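Here the structure is laid out as structure tokens; the discussion comes afterwards.
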Protein chains: 2
Amino acid sequence: MVTEREFLDGYDPRAYPALAVTVDVVTLTIRDGVLHVLLVERGEQPYAGRLALPGGFVREETLDQAALRELAEETGLLPRVHLEQLATFGDPGRDPRMRVVSVAYLAFAPRLPDPTVGGDAAAARWVPVDDATDLAFDHDAVLAAGLERARAKLEYSPLATAFVGEEFTIAQLRGVYTAVWGEEPHAGNFHRKVLSVPGFIEATGTTTERGGERGGPRSKLYRAGDARILHPALLRPTPEERR
Amino acid sequence: MVTEREFLDGYDPRAYPALAVTVDVVTLTIRDGVLHVLLVERGEQPYAGRLALPGGFVREETLDQAALRELAEETGLLPRVHLEQLATFGDPGRDPRMRVVSVAYLAFAPRLPDPTVGGDAAAARWVPVDDATDLAFDHDAVLAAGLERARAKLEYSPLATAFVGEEFTIAQLRGVYTAVWGEEPHAGNFHRKVLSVPGFIEATGTTTERGGERGGPRSKLYRAGDARILHPALLRPTPEERR
DNA sequence: AGAGTCCTTCTCAGATTGAGTTTATCTCCA
DNA sequence: TGGAGATAAACTCAATCTGAGAAGGACTCT
């Protein structure tokens, strides 16, 4: 906010050229073990033909509502989506047309159907994050910030459960960590750790109907617990070489 | 950012009433072992007489530059200040005059002199964070977010060194954790831990000139190392009751 | 039926942690 | 000047946690 003094001293409509505030959403999901991000293809200049994060102007609504609205318009999804503010990008010149300050959001969703082009949805599609390069505007940096946030939050928050369905196996949960971190945690230790963190997951008492596709026993099913933070945390292997 | 489609579909100057973007800065420092925040007293309505975070309009500059400029205008301080983006607050109605989207920043500074009222500085002063209540606008929430971020960052980043001078003792560093967490870490274990984290601090080879004010031997002096993250982390005592 | 998969549990040595103790150095005050 | 009290730094030790591996089944496919 701004103090009255600054408001009076500084305010001159001509001194502050038109300025827009938008939201952009980094929506992540996992498909076939690979982390994907939701992108839309731009039809017009600038950056025509390039991929970009879905987003749009903020209306008379909260920023959170704007992000949720954009996400819904683009994908038709609403339920079971974790949404959080990521960071704000506002360098002059990041949009060649005018000064645009963009509040970036980060969303996590379980596997979703391909966006239907019903409604006003542009050509939205899921793209493996490794292929999501050369995005329009400064969206490469926005995506990078989102990925780093996601990797870090898996360590100390029960976020991974937002990527899987209502009921899930520990192996599925491990698949989330593998996809996001790009590294597979030790299966046995992961199992022990996940079960020992209070409130992370709770057993349903049921198991899967079948074993794994390539064999193996049925697995027990779990649902998300009520913990908001993981304690102790599940730390990434090799955060960096020691010494 | 915004796609061209959305830009064309949605853009109508009258549909989007005037909107301002500001930065507000939560500046923290430690004085006499107590965490303080920099506040300015508002002279005019709304919220006349109330305390508020320093801030102002974003000009033709990056958001980071705007935050740094506001901080410098308010306090005259520039060197050795750690500054990072905190979060963006944009609820309609958070400013009664117009829609104002505020990008909040978080700054950490070693002990600084009282802001001189030279220049255009308003009545800025350091206030113990526990006394910083009933702030103008939604600044209570902004401050709360800043405090929580600071507490969390002490765990896994070498941020504490931003609160002390160029050279410091381990006891001073422990004082930072005590002030921010409101809880004193075990002195012996803190000592061991801080020295064992690679890159956190490095010895200068010198000691203080005198012992502590109430006795005790001279302490060794250290300076900040080059680590960007602490690994392993210094976890807060009692993050919550286990089980 | 056999080969291969993999969920789940177990083992174990090494590292880390929390709590407390020890030693020596220094300041303040009588 | 001689304590009394404070504290930086190092050490001790038991309890816990961690990483790495292996074992036991239960299940899939061919």
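All figures in this text were calculated on a predicted structure; none of them were measured in a lab.
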> For the side chain of T204(B) and the backbone of L221(B), is there at least one donor-acceptor N/O pair under 3.5 Å apart?
Replying inline: yes

>> Both E209(A) and N189(A) contact DNA chain D. Which one's nearest nucleotide lies toward the 5' end?
In response: N189(A)

> Between dC17(D) atom P and K193(B) atom NZ, what is the distance in whole Å?
Replying inline: 14 Å

> Would you say the side-chain atoms of S196(A) pair up with the backbone N or O of K193(A), donor to acceptor, closer than 3.5 Å?
Replying inline: yes

> Parallel, tilted or perpendicular for H139(B) and F137(B), by the 30°/60° rule?
Replying inline: tilted

> What heavy-atom pair brings L53(A) and L38(A) nearest, and what distance separates the two atoms?
Replying inline: CD2-O, 4.2 Å

> Can you check the E213(A) CD to dA3(C) C1' distance for me, whole Å?
Replying inline: 18 Å

Are any protein N/O atoms closer than 3.5 Å to N/O atoms in nucleotides 5-8 of chain C? If there are, list each pair with its distance.
unit_1 : atom_1 : unit_2  : atom_2 : d
dT5(C) : O4'    : R214(A) : O      : 2.8
dT5(C) : O2     : G216(A) : N      : 2.6
dC6(C) : OP1    : R214(A) : NE     : 3.1
dC6(C) : OP1    : R214(A) : NH2    : 2.9
dC7(C) : OP2    : R174(A) : NH2    : 2.5
dT8(C) : OP1    : K220(A) : N      : 2.5

>> Side chain of L195(A) only, heavy atoms from C-beta on: which candidate in dT17(C), dT18(D), dT9(C) is closest?
In response: dT9(C)

>> So, using side chain to side chain donor-acceptor pair (under 3.5 Å) as the criterion, who are the partners of R50(A) when residues are at least two apart?
In response: none

> How many Å lie between CZ on F168(B) and P on dA8(D), as a whole number?
Replying inline: 15 Å

> To the nearest angstrom, how far is R192(A) atom CZ from dA22(D) atom P?
Replying inline: 16 Å

> To the nearest Å, how far apart are F190(A) CZ and dC17(D) P?
Replying inline: 18 Å

> Between L235(A) (CG) and dA20(D) (P), how many Å, whole number?
Replying inline: 13 Å

>> Tell me the interatomic distance from H186(B), atom NE2, to dT12(D), atom C1', rounded to whole angstroms.
In response: 12 Å

> What residues form a side chain to side chain donor-acceptor pair (under 3.5 Å) with Y222(A), not counting sequence neighbours?
Replying inline: none

>> Applying a 4.0 Å non-hydrogen cut-off, can you work out what R210(B) is touching in the nucleic acid: base, sugar-phosphate, or nothing?
In response: sugar-phosphate

